[in-house]
Novice: 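Here it is: the structure, laid out below.
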Amino acid sequence: MKVLGKNILEQFYEKHTDSKSALVAWHKDTCDATWNTPQDIKNRYGSADFLSDNRVIFNIKGNNYRLVIQVRYQNGIIVVLWVGTHAEYDKQDFRSKK
């Protein structure tokens, strides 16, 4: 998969250094993956949550952080939309957005 928005991950882990290894590992794993359907993601990341508009939420570093992406399955592209702490995530309303 091609991941767009790596800079968002980098900016985040510069501020939250304890998230770096987990985000770097997620990025590498994702770049090496081929996701054709949501089930492909679920097979690898069992705790992933799926939202409308092909958005996916990942728990990062033991659920201390959350990562929200959008997948374009037919193009093999992932767009990083947001990354933050679990507390910051709780203040967002990703589930109602389309």
Side-chain angles (χ1 to χ4, degrees):
M1 304 294 289
K2 180 174 182 166
V3 178
L4 305 178
K6 181 180 179 185
N7 63 313
I8 295 170
L9 302 177
E10 292 169 341
Q11 289 170 2
F12 184 78
Y13 65 62
E14 284 175 9
K15 291 173 91 174
H16 302 273
T17 56
D18 66 322
S19 70
K20 183 175 182 176
S21 62
L23 288 171
V24 167
W26 177 89
H27 183 266
K28 182 186 179 329
D29 189 49
T30 302
C31 287
D32 293 342
T34 301
W35 295 340
N36 296 307
T37 67
Q39 189 61 49
D40 293 333
I41 298 171
K42 199 67 169 171
N43 290 344
R44 174 63 182 93
Y45 296 97
S47 64
D49 290 320
F50 297 86
L51 304 175
S52 63
D53 201 25
N54 290 326
R55 291 174 297 144
V56 185
I57 302 167
F58 294 91
N59 298 326
I60 302 293
K61 196 179 178 290
N63 205 19
N64 289 321
Y65 303 104
R66 293 283 178 96
L67 171 63
V68 181
I69 66 163
Q70 186 173 39
V71 183
R72 297 178 187 157
Y73 296 100
Q74 66 276 15
N75 303 104
I77 295 173
I78 293 168
V79 179
V80 175
L81 299 175
W82 183 88
V83 62
T85 67
H86 196 170
E88 291 168 337
Y89 173 84
D90 287 342
K91 295 176 184 174
Q92 303 291 320
D93 190 15
F94 290 106
R95 295 195 181 275
S96 67
K97 294 179 183 177
K98 290 188 178 182

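Nothing fancy with the numbering, it's 1 onward along the sequence. Every heavy atom of this structure was used, including side-chain atoms; hydrogens, water molecules and symmetry mates were not.
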Novice: Hydrophobic cluster membership, with links at side-chain heavy-atom distances under 4.5 Å among I/L/V/M/F/W/Y: are W82 and L51 in one?
Specialist: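 Same cluster: W82 reaches L51 through Ile, Leu, Val, Met, Phe, Trp or Tyr contacts under 4.5 Å.
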
Novice: Looking at OG1 of T37 and NZ of K42, how far apart are the two atoms once the value is rounded to the nearest 0.5 Å?
Specialist: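 So the OG1 of T37 and the NZ of K42 are separated by 12.5 Å.
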
Novice: Does the side chain of I41 come within less than 4.5 Å of F50's, by heavy atoms?
Specialist: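 A side-chain contact under 4.5 Å exists here.
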
Novice: Could you tell me if N59 and R66 have a donor-acceptor pair between their side chains, going purely by distance under 3.5 Å?
Specialist: yes

Novice: Can you name the closest pair of heavy atoms from M1 and I77 and give their distance?
Specialist: CE-N, 3.9 Å

Novice: For V80, which of V3, T30, L4 qualifies under side chain to side chain contact (heavy atoms under 4.5 Å, CB included)?
Specialist: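 The side chain to side chain contact (heavy atoms under 4.5 Å, CB included) with V80 is passed solely by V3 among V3, T30, L4.
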
Novice: Please tell me whether Y45 and I69 are part of a single hydrophobic cluster in this structure, the criterion being side-chain heavy atoms less than 4.5 Å apart.
Specialist: yes

Novice: Between L67 and W26, is a side-chain contact (heavy atoms from CB on, under 4.5 Å) present by the stated rule, with each step listed?
Specialist: CA-CA 10 Å; L67 171 63; W26 177 89; 3.5 Å; yes

Novice: I need the full list of side chain to side chain donor-acceptor pair (under 3.5 Å) pairs touching residues 11-25, with sequence neighbours left out, sorted by first then second residue.
Specialist: D18-Y65

Novice: Hey, is R44 close enough to D40 for a salt bridge, meaning N to O under 4.0 Å?
Specialist: no

Novice: Give the intermediate values and the outcome of side-chain contact (heavy atoms from CB on, under 4.5 Å) for residues D49 and V56.
Specialist: CA-CA 6 Å; D49 290 320; V56 185; over 6 Å; no

Novice: Report the C-alpha distance between Y73 and W35 in whole Å, list the side-chain angles of each, state the deciding distance to 0.1 Å, and finish with yes or no for ring pair (Phe, Tyr, Trp, His ring centres under 6.0 Å).
Specialist: CA-CA 6 Å; Y73 296 100; W35 295 340; 7.8 Å; no

Novice: Quick one, L9 with H27, criterion side-chain contact (heavy atoms from CB on, under 4.5 Å). Give me CA distance, side-chain angles, the key distance, then yes/no.
Specialist: CA-CA 9 Å; L9 302 177; H27 183 266; 4.1 Å; yes

Novice: Is V79 linked to V71 within one hydrophobic cluster, defined over Ile, Leu, Val, Met, Phe, Trp and Tyr using a side-chain heavy-atom separation of less than 4.5 Å?
Specialist: no

Novice: When clusters are formed by joining ILVMFWY residues with side-chain heavy atoms under 4.5 Å apart, either directly or through shared neighbours, do V68 and F58 land in the same one?
Specialist: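 Different clusters: V68 never reaches F58 through Ile, Leu, Val, Met, Phe, Trp or Tyr contacts under 4.5 Å.
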
Novice: Go through the steps to decide whether N64 and H86 satisfy the test side-chain contact (heavy atoms from CB on, under 4.5 Å), and finish with yes or no.
Specialist: CA-CA 5 Å; N64 289 321; H86 196 170; 6.0 Å; no

